[in-house]
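Okay, so here's the structure we're looking at.
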Amino acid sequence: MTSKIKDTFSEIKAENRKALITYIVSGDPDLETTLEIMHTMVEEGADIIELGIPFSDPMAEGISIQKGHERALKTGASLIDALQLVNQFRSSNKKTPIVFMGYMNTFESLGAQAFMAKAVSAGVDGILIVDMPPEESSNFSDHAIKNNIDIIRLIAPTTSLDRAKKISSQSSGYIYYISVKGITGASNIDADDVKNKVEVLQTFTDLPIAIGFGIKDAISASSVKDIADGIVAGSVFVDLIGEGNDVLNMVAKKTKELKEVLG
Amino acid sequence: MSEEIMPDKNGRFGVYGGRYVAETLVPALEELAEQYEFIKKDKNFLKEFRDDLSHYVGRPSPLYFAKRWTELLGGAKIFLKREDLNHTGAHKINNTVGQILLAKHMGKKRIIAETGAGQHGVATATVAARHGLECLVYMGEEDIKRQSLNVFRMKLLGAEVVGVSSGTRTLKDAMNEAMRDWVTNVDDTYYIIGSVAGPHPYPQIVRDFNAVVGEEVIEQSQIQIGKDPDVLIACVGGGSNAMGLFYPFIENKNVRLIGVEAGGLGLSTGKHAAPLNDGKEGILHGMRTYLMQDDAGQIIETHSVSAGLDYPGVGPEHAWLKDIGRAEYVAADDEEALEAFKELTKVEGIMPALETAHGIAYVKKIAPTMPKEQTIIVNVSGRGDKDINTVASIEGIEL
């Protein structure tokens with residue numbers, strides 16, 4: 001089966017560069033702005049957009065993204081809104097893959113089957129449910145596979161080799177390697193450690209590997225860019241949105257800065 | 001025995017429970033489950049745990065016949081299981097005494113915990129002090145206001161209390177923050193969860209360490225009553241004191257098990273903390289269980305006069321016991337709890353915690369409907385000193 005995510009990584013590889021994956025929260029600070037930010041990010045070089053689905057209890061997020069979730073929830077943003085947002089985005093962009101990143105309870109409130117059907121019709125390409133390890137995911141996985149939606153999974157510094165193999169075999173699209181033990185926006189990224197771990201992953205999976213948590217600028221991006229197939233930057237964008245000064249320009253600048261490092 | 005069946009190897013009680021956490025924590029939880037399975041069969045550990053329960057906690061706790069209260073209500077005989085007499089004043093210490101030994105066995109140097117009313121925070125700070133381990137307790141800022149006495153106790157015990165200002169600033173947010181700390185410091189830190197909630201194996205560990213309550217009741221009923229009790233009653237927030245009392249009785253179907261949730265301003269108002277009465281299935285804090293949530297799957301703000309019950313979820317084993325019909329779950333509202341708090345204090349000279357008072361309130365309802373030959377045992381899960389400020393301020397009295 002074709003996958004937009006897979007095609008995107010193939011193109012990037014052919015161009016001998018690394019993928020820039022950007023994360024923002026759907027509805028932060030409002031849905032209209034989110035849509036504008038998505039287009040801006042793509043214009044400045046984002047290859048894939050991870051759209052955070054606001055949740056009242058985002059347990060794996062650091063303070064920056066927690067605040068993004070809170071801002072979005074204040075406007076009443078929901079999973080349904082995010083689906084409509086993608087629908088709108090697709091009216092002018094059919095190419096850039098969109099991944100929904102969120103917490104299981106919001107997805108369960110729609111139900112796996114109903115969600116996947118809506119995701120396909122809206123134009124969502126993948127899901128990354130943070131609190132859904134493989135052991136708890138059979139229902140979502142089955143429906144995702146049926147609907148050709150990629151399941152992106154997390155591998156952490158604490159994940160054992162055997163477990164990493166199991167997770168890889170049940171993933172598609174790309175693997176999201178968490179660069180640090182911690183929450184999003186952590187600051188203690190250790191490039192050597194990441195390199196060692198990612199090299200091992202590459203011995204048993206052909207899936208692209210993206211590195212996330214703690215990448216916020218050109219320096220941190222360049223420290224890990226040669227190790228993997230792409231990087232994910234989130235907290236830094238959500239902070240800019242939170243500051244609320246000239247958001248589109250600031251997001252454009254930051255996207256460009258990261259893009260230049262990645263080639 | 002249900003002990004062998006529940007939870008199953010995936011940490012499930014029926015469809016409930018499980019391990020819904022970010023990948024970073026999965027290996028830590030697997031290791032915890034493995035170490036727990038080992039230690040719970042280890043003779044040295046069991047001896048140390050039992051010795052601590054006897055000599056540090058002061059167990060067994062008495063089963064007390066509430067004669068005047070029984071006469072007042074005019075129905076079934078009422079016995080109080082006096083967990084309020086434990087060291088630190090609540091059942092919470094049973095669990096922390098056990099988990100700190102597990103933490104030491106695993107070589108962890110730093111202890112973290114979440115707390116609502118502060119009883120679990122105090123119980124954790126207490127055992128950390130005793131074992132000389134660093135201790136940090138997360139507590140919602142709303143609860144810090146409501147429970148200033150316990151905050152000061154924790155500080156005296158050498159713990160650091162960190163206020164949590166995210167979300168609803170109560171127990172659920174404290175738990176989110178403790179999880180974030182754990183995921184960041186997973187190598188050297190042990191997270192002592194205070195209820196039968198959270199990802200597997202916590203619901204099992206906390207239940208097992210509290211099961212001493214029910215085990216003692218089995219023996220005490222035979223000696224003091226000469227037969228099994230007819231009804232067991234306990235308040236349910238996360239549900240650890242109730243699970244501790246109920247668990248050894250699950251197979252004994254002659255005994256009715258009744259959990260009392262926090263009805264807040266009344267079930268019909270939606271402002272309560274009674275997910276088993278008026279919630280629906282979902283996923284929070286690593287477990288599948290009944291939750292207070294809206295149609296979009298957002299966890300909604302709960303309300304209860306008692307900080308310890310002010311939680312939108314409930315332990316997965318309770319969700320399962322409800323579904324299979326083995327236990328019944330009812331609710332008592334704020335007003336009923338306050339009335340029960342005052343009544344037990346005046347009639348028996350025993351001041352219960354506001355959490356406990358919810359169980360007491362249901363005894364007031366059910367005892368008069370039962371014949372005098374029957375017996376109710378209610379778990380007095382904690383003492384009420386910590387709640388004096390709350391009760392006074394509701395009455396408009398400044399202390």
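Keep in mind that this is a model prediction, so the values were computed, not measured. Every chain is numbered from 1 and lettered A, B, ... according to where its sequence line falls, protein lines coming before strand lines.
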(request) Flag the one option from A:S160, A:P134, A:P58 with the top tally of heavy-atom pairs under 4.5 Å to chain B. (result) A:P58
(message) Applying the side-chain contact (heavy atoms from CB on, under 4.5 Å) criterion to B:Y20, which one of A:M104, A:M59, A:M132 satisfies it?
(response) A:M104
(message) Are there over 12 heavy-atom neighbours, none belonging to A:K67, within less than 6.0 Å of that residue's NZ?
(response) no
(message) Does any backbone or side-chain atom of B:N185 lie under 4.5 Å from a heavy atom of chain A? Answer side chain, backbone, both or neither.
(response) neither
(message) Between A:S56 and B:I299 (side chain of the first, backbone of the second, donor and acceptor by atom type, cut-off under 3.5 Å), is there such a pair?
(response) yes
(message) Which heavy atom of B:G297 sits nearest to which heavy atom of A:T106, and what is that distance?
(response) O-CG2, 4.1 Å
(request) Can you measure from NE2 (B:H285) to CG (A:N105) and round to the nearest 0.5 angstrom? (result) 11.0 Å
(request) Check whether more than 12 heavy atoms from other residues, nucleotides or ligands sit under 6.0 Å from atom CD of A:Q113, and answer yes or no. (result) no
(message) So for B:L284, is it side chain, backbone, both, or neither that comes closer than 4.5 Å to the heavy atoms of chain A?
(response) side chain
(request) With a 4.5 angstrom heavy-atom cut-off, could you sort out which part of A:E136 is near chain B: side chain, backbone, both or neither? (result) both
(request) Please answer whether the main-chain N or O of B:T24 pairs with a side-chain N or O of A:T158 as donor and acceptor at a distance below 3.5 Å. (result) yes
(request) Ignoring hydrogens and angles, tell me if any N or O in the side chain of A:D131 forms a donor-acceptor pair with the backbone of B:A22 under 3.5 Å. (result) no
(message) Only pairs of heavy atoms separated by less than 4.5 Å count here; which of B:V186, B:V26, B:L291 has the most with chain A?
(response) B:V26
(message) Tell me if a side-chain donor or acceptor on B:R180 pairs with a main-chain N or O of A:E61 at a distance below 3.5 Å.
(response) yes
(request) In sequence, state the C-alpha distance, the side-chain angles, and the governing distance for A:T159 and B:E23, and then conclude on side chain to side chain donor-acceptor pair (under 3.5 Å). (result) CA-CA 7 Å; A:T159 309; B:E23 174 58 24; 2.9 Å; yes
(message) I'd like to know if the side chain of B:Q298 reaches the main chain of A:P54, judged simply by a donor and an acceptor atom lying under 3.5 Å from each other, with no hydrogens or angles considered.
(response) yes
(request) Would you mind reporting whether B:T184 and A:K181 have side-chain heavy atoms less than 4.5 Å apart? (result) no
(request) Give a yes or no on this: more than 12 heavy atoms of other residues, nucleotides or ligands lie within 6.0 Å of atom NZ of A:K118. (result) no
(message) With rounding to the nearest 0.5 angstrom, report the CD1 to CG distance, A:I183 to B:N176.
(response) 11.0 Å
(message) A quick test of your reading: do over 12 heavy atoms of other residues, nucleotides or ligands sit less than 6.0 Å from CG of B:D295?
(response) no
(message) Can you tell me which of A:I129, A:L73, A:I80, A:L110 forms the most heavy-atom pairs within a distance under 4.5 Å of chain B?
(response) A:L73
(message) Strictly distance-based, threshold 3.5 Å: is any side-chain N or O of A:E135 a donor or acceptor partner for the main-chain N or O of B:R19?
(response) no
(request) Rounded to the nearest 0.5 Å, what's the gap from CG on A:D57 to OG on B:S166? Could you check? (result) 8.0 Å
(request) Sort out for me which of B:D173, B:N10, B:D187, B:D294 touches chain A most, counting heavy-atom pairs under 4.5 Å. (result) B:D187
(request) Step through the shown structure and confirm whether more than 12 heavy atoms of other residues, nucleotides or ligands are within 6.0 Å of NZ on B:K280. (result) yes
